[in-house]
Amino acid sequence: METATGEITIVCNHCDRDIPSPNIDLHRVHCARNLEKCKICGDMVPKKHAEEHFLNTHAPVACSMCKETIEREVFDSHKGEICPKRIVTCEFCEFPLPAVDLAEHQEVCGNRTELCYQCNSYVRLRERYNHETKCPGTVLNNVESSRRIPRAAEGDGNGRRRRDGNGVSHKRLFFTIAITGIAVLIGSLFFQRKPE
């Protein structure tokens, strides 16, 4: 083969590179003695660094999270998408937890309810998106927002605010009971005495 400068080259049968013909004999001796072709990637590697090349480039890697040995080529996708111990977040509460525990957590977490302030009904978190698109309170608020007076502000004609018998007082009662229950539970966990 001839280069652009008119120099004739010969392909080295060891490394498959084009070598200028005056240097080919010296190159072949040096190449065969000092270099070897990697069986995996085909790169020419100094013989003294062949093992290091394999360990750093091709050797399987132990995942620090799940302890499984993974081929290096797929290690990044394992760590980001496949590893059962990778940290993911719950779509309902954004709590970080291992992927292996996500389904069980979301089964419980998605069944929790929250109050919809548009229609004053409790909605499961897993059904929140569908509820928001079909919420009857949203339609009322969009249609009547400019002329509707909040119930709390409506008077009884004597200058006093009328209280909704079932709405606010029941909500406050349930909220108070819930907070009290949580406080009792936490208190019993922290101040529990060990049996002697």
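A quick note: this is a predicted structure, and the numbers were derived from the prediction, not measured.
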Visitor: Are there over 12 heavy-atom neighbours, none belonging to Leu26, within less than 6.0 Å of that residue's CG?
Guide: no

Visitor: Linking I/L/V/M/F/W/Y whenever their side-chain heavy atoms sit closer than 4.5 Å, directly or via other members, would Leu55 and Ile40 fall into one cluster?
Guide: yes

Visitor: Has Arg72 got a side-chain atom pairing as donor or acceptor with Pro60's backbone, closer than 3.5 angstrom?
Guide: no

Visitor: Decide yes or no on side chain to side chain contact (heavy atoms under 4.5 Å, CB included) for Val45 and Lys37, but give the supporting numbers first.
Guide: CA-CA 6 Å; Val45 181; Lys37 186 178 271 192; over 6 Å; no

Visitor: Measure the spacing between OG of Ser121 and CD of Glu114 and express it to the nearest 0.5 Å.
Guide: 12.0 Å

Visitor: Can you get from Ile87 to Val100 by hopping between Ile, Leu, Val, Met, Phe, Trp and Tyr side chains that sit under 4.5 Å apart?
Guide: no

Visitor: Between Thr57 (side chain) and Phe54 (backbone), is there a donor-acceptor pair under 3.5 Å?
Guide: no

Visitor: Distance check, rounded to the nearest 0.5 Å: Glu127 atom CD versus Tyr122 atom OH?
Guide: 16.0 Å

Visitor: Is there side-chain contact between Leu102 and Leu97, with at least one heavy-atom pair below 4.5 Å?
Guide: yes

Visitor: State the CD1-CD1 distance between Ile179 and Ile182, to the nearest 0.5 angstrom.
Guide: 5.0 Å

Visitor: Return yes if some donor-acceptor pair links the side-chain N/O of Lys47 with the main-chain N/O of Ala32 below 3.5 Å, else return no.
Guide: yes

Visitor: So do the side chains of Cys41 and His58 get within less than 4.5 Å of each other, counting heavy atoms only?
Guide: yes

Visitor: Side chains of His105 and Asp101: do they bring a donor and an acceptor to under 3.5 Å?
Guide: no

Visitor: To the nearest 0.5 Å, what is the distance between NE2 on His78 and SG on Cys66?
Guide: 3.5 Å

Visitor: Taking side chain as C-beta onward, heavy atoms only, is Ile19 less than 4.5 Å from Cys12?
Guide: yes

Visitor: Mark yes or no for whether Asn111, through its side chain, and Glu107, through its backbone, hold a donor-acceptor pair below 3.5 Å.
Guide: yes

Visitor: Looking at side-chain heavy atoms only, is the closest gap between Cys116 and Cys135 below 4.5 Å?
Guide: yes

Visitor: Taking everything shown except Glu73 itself, do over 12 heavy atoms lie less than 6.0 Å from its CD?
Guide: yes

Visitor: Under 6.0 Å between the ring centres of His27 and His14?
Guide: no

Visitor: Just verifying a value: how many Å separate Thr133 OG1 and Arg128 CZ, rounded to the nearest 0.5 Å?
Guide: 12.5 Å

Visitor: Do Phe92 and Gln106 have side chains that approach each other closer than 4.5 Å (heavy atoms only, starting at C-beta)?
Guide: yes

Visitor: Would the distance check show the side chain of Arg124 and the main-chain N or O of Gly110 forming a donor-acceptor pair, the cut-off being under 3.5 Å?
Guide: no

Visitor: Check the pair Phe95 / Cys109 against side chain to side chain contact (heavy atoms under 4.5 Å, CB included), numbers first and verdict last.
Guide: CA-CA 10 Å; Phe95 182 76; Cys109 195; over 6 Å; no

Visitor: NE2 of His30 to CG of Leu35: how many Å apart, nearest 0.5 Å?
Guide: 5.5 Å

Visitor: Quick check: closest heavy atoms across Leu115 and Asn120, and the distance to 0.1 Å?
Guide: CD1-C, 3.7 Å

Visitor: Are the side chains of Cys31 and Arg17 in touch, meaning some heavy atoms are under 4.5 Å apart?
Guide: no

Visitor: Within the structure provided, determine whether Cys38 and Met44 are in side-chain contact (heavy-atom separation under 4.5 Å).
Guide: no

Visitor: May I ask you to decide if Asp25's main-chain N or O and Arg28's side chain share a donor-acceptor pair within less than 3.5 Å?
Guide: no

Visitor: Main chain of Arg112, side chain of Arg126: is a donor-acceptor contact present, judged purely on distance under 3.5 Å?
Guide: no

Visitor: Measure from the side-chain N and O atoms of Glu94 to the backbone N and O of Thr89, and report whether any donor-acceptor pair falls under 3.5 Å.
Guide: no

Visitor: Decide yes or no for Glu132 and Gln118: does some side-chain heavy atom of the first lie under 4.5 Å from some side-chain heavy atom of the second?
Guide: no

Visitor: Without swapping roles, check the side chain of Thr69 against the backbone of Ala62 for a donor-acceptor pair under 3.5 Å.
Guide: no

